[in-house]
Amino acid sequence: MTNAASPAAKNAPNLAATPTPDDGVRLTDVRVWDETTRPTGPAPDPTRRYTPAEQANGRHLIDVHDHLRSELAQLRDLIDQVASGAIDAGTARSHINTMTMRQNNWTLGAYCESYCRLVTMHHTAEDAMVFPHLRRSEPGLAPVLDRLQEEHHAIHKIIERVDRALVSFVGDPDGLGHLRETVDLLTDSLLSHLSYEERELVEPLARHGL
């Protein structure tokens with residue numbers, strides 16, 4: 001089956017962790033992949049019951065993704081505020097100090113680069129450790145894991161575009177428009193990917209562990 005299953009179809013009744021649905025909102029017309037060709041893994045056993053530890057394993061992926069979503073929203077807000085002149089460097093510095101990823105010397109570029117590194121590290125950890133474990137534990141997930149890795153590579157290419165846009169922006173404030181476009185594309189792609197990954201992996205992670 002190649003068409004993506006609905007989030008409800010992938011959710012188990014006793015999982016105690018609900019994958020984040022894709023709201024379908026897109027900020028750009030650019031599509032880096034065809035979402036309709038995403039494979040889906042085996043359906044969960046509706047009679048399966050999960051221990052608290054198994055439930056926590058499933059929830060962990062959502063928690064990590066929620067952190068990425070939150071930081072992405074803050075990144076977008078910072079760009080908007082800098083663009084509008086609503087905040088100065090001191091105010092921005094104070095705001096960023098409340099975030100998980102702090103910078104000793106605030107610049108928009110430094111924060112963007114820090115966020116991009118976090119996304120890359122998360123995907124690298126999945127590719128190197130989590131996905132091989134799931135491949136061994138559940139061979140039927142192989143098409144899903146292959147697709148997720150392909151999307152990781154595509155997202156990394158977008159991150160490289162964000163890096164180039166940052167370099168341009170630092171040297172030329174007129175590059176803000178291009179920076180916003182690349183961050184919009186990162187937003188569309190990353191949020192779509194995170195929702196797909198949760199839909200397919202939260203339940204298997206509960207069964208097989210991390």
Side-chain angles (χ1 to χ4, degrees), residues 2-12 15-28 30-41 44 55-79 99-101 111-135 141 143-162 182-208 210:
T2 56
N3 289 334
S6 68
K10 300 297 292 184
N11 207 9
L15 192 55
T18 303
T20 306
D22 185 345
D23 61 12
V25 174
R26 299 293 182 267
L27 303 175
T28 74
V30 179
R31 299 292 177 266
V32 296
W33 51 62
D34 183 353
E35 295 178 3
T36 67
T37 63
R38 281 170 165 165
T40 189
Q55 292 173 350
N57 284 337
R59 178 68 211 180
H60 180 71
L61 181 67
I62 298 175
D63 290 342
V64 172
H65 285 182
D66 282 348
H67 178 72
L68 292 176
R69 293 183 183 102
S70 174
E71 294 283 2
L72 178 61
Q74 292 178 66
L75 169 59
R76 295 186 57 82
D77 182 61
L78 280 172
I79 291 174
M99 298 180 186
T100 301
M101 292 176 290
Y111 179 69
C112 289
E113 290 166 4
S114 179
Y115 178 77
C116 290
R117 282 196 299 272
L118 178 64
V119 173
T120 300
M121 289 171 59
H122 172 62
H123 286 171
T124 299
E126 287 180 336
D127 292 345
M129 295 177 288
V130 178
F131 289 5
H133 168 63
L134 290 176
R135 284 183 192 278
L141 275 176
V144 170
L145 299 173
D146 289 343
R147 175 59 183 257
L148 289 170
Q149 286 185 305
E150 290 174 6
E151 294 190 6
H152 287 175
H153 293 315
I155 290 170
H156 293 169
K157 290 180 180 178
I158 298 170
I159 287 173
E160 290 173 356
R161 293 172 63 177
V162 172
T182 57
V183 172
D184 282 349
L185 182 59
L186 176 62
T187 300
D188 286 349
S189 304
L190 185 59
L191 294 184
S192 170
H193 170 79
L194 297 180
S195 292
Y196 171 51
E197 186 168 272
E198 288 176 21
R199 190 194 73 202
E200 296 298 327
L201 297 190
V202 166
E203 194 278 334
L205 285 171
R207 279 189 291 115
H208 301 300
L210 297 171

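Bear in mind that the values here come from a model prediction, so they are computed numbers and not experimental data.
Between His153 and His156, the ring planes are perpendicular. Angles over 60° get that label, and only those under 30° would be called parallel.
Here Asn57 pairs with nothing under the side-chain hydrogen bond (donor to acceptor under 3.5 Å, both in side chains) rule; sequence neighbours left out. Applying the side-chain contact (heavy atoms from CB on, under 4.5 Å) criterion to Asp34, with sequence neighbours excluded, gives Thr36, Thr37. For the ring pair (Phe, Tyr, Trp, His ring centres under 6.0 Å) test, residues two or more places apart in sequence or in another chain that qualify with His65 are His122. Listed by chain and number, the residues in a side-chain hydrogen bond (donor to acceptor under 3.5 Å, both in side chains) with Gln55 amount to none (sequence neighbours excluded). Contacts of Arg76 classified as side-chain hydrogen bond (donor to acceptor under 3.5 Å, both in side chains), with partners at least two apart in sequence or in another chain: Asp184, Thr187. Looking at residues two or more places apart in sequence or on another chain, you find a side-chain hydrogen bond (donor to acceptor under 3.5 Å, both in side chains) between Arg135 and Asp146, Gln149.
Between Val64 and His67, the closest side-chain pair of non-hydrogen atoms is not below 4.5 Å. Considering only heavy atoms from C-beta on, Leu61 stays 4.5 Å or farther from Val130 through its side chain. Contact annotation: the side chain of Phe131 never approaches that of Val144 to less than 4.5 Å [non-hydrogen atoms, C-beta and beyond]. Contact of the Val32 side chain with the Lys157 side chain is not registered, since no non-hydrogen atoms from C-beta on lie closer than 4.5 Å. Contact check for Arg199 versus Thr40: side-chain heavy atoms found under the 4.5 Å cut-off. At a threshold of 4.5 Å between non-hydrogen side-chain atoms, the residues Asp66 and Thr20 count as touching. Under the 4.5 Å side-chain criterion, counting only non-hydrogen atoms from C-beta, Ile158 is not in contact with Thr182. Taking the side chain as every heavy atom from C-beta outward, His60 and Leu205 never approach each other to under 4.5 Å.
Using a cut-off of 4.0 Å between Lys/Arg side-chain N and Asp/Glu carboxylate O, Arg69 and Glu198 are scored as salt-bridged. Between Arg38 and Glu200 there is no salt bridge, since no side-chain nitrogen of the basic residue lies less than 4.0 Å from a carboxylate oxygen of the acidic one.
Here the shortest heavy-atom pairing between Ala206 and Leu15 reads CB-CD1, 3.5 Å. What you find for Tyr196 and Pro39 is that their closest heavy atoms are OH-O, 2.7 Å. What you find for Gly58 and Ala17 is that their closest heavy atoms are C-CB, 4.3 Å. Residues Trp33 and Ser189 share a closest heavy-atom pair of CZ2-O, 3.4 Å.
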Evaluation steps, side-chain contact (heavy atoms from CB on, under 4.5 Å), between Ser192 and Glu151: CA-CA 10 Å; Ser192 170; Glu151 294 190 6; 5.8 Å; no
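The NE2 atom of His193 sits 11.5 Å away from the CG atom of Leu186 when rounded to the nearest 0.5 Å.
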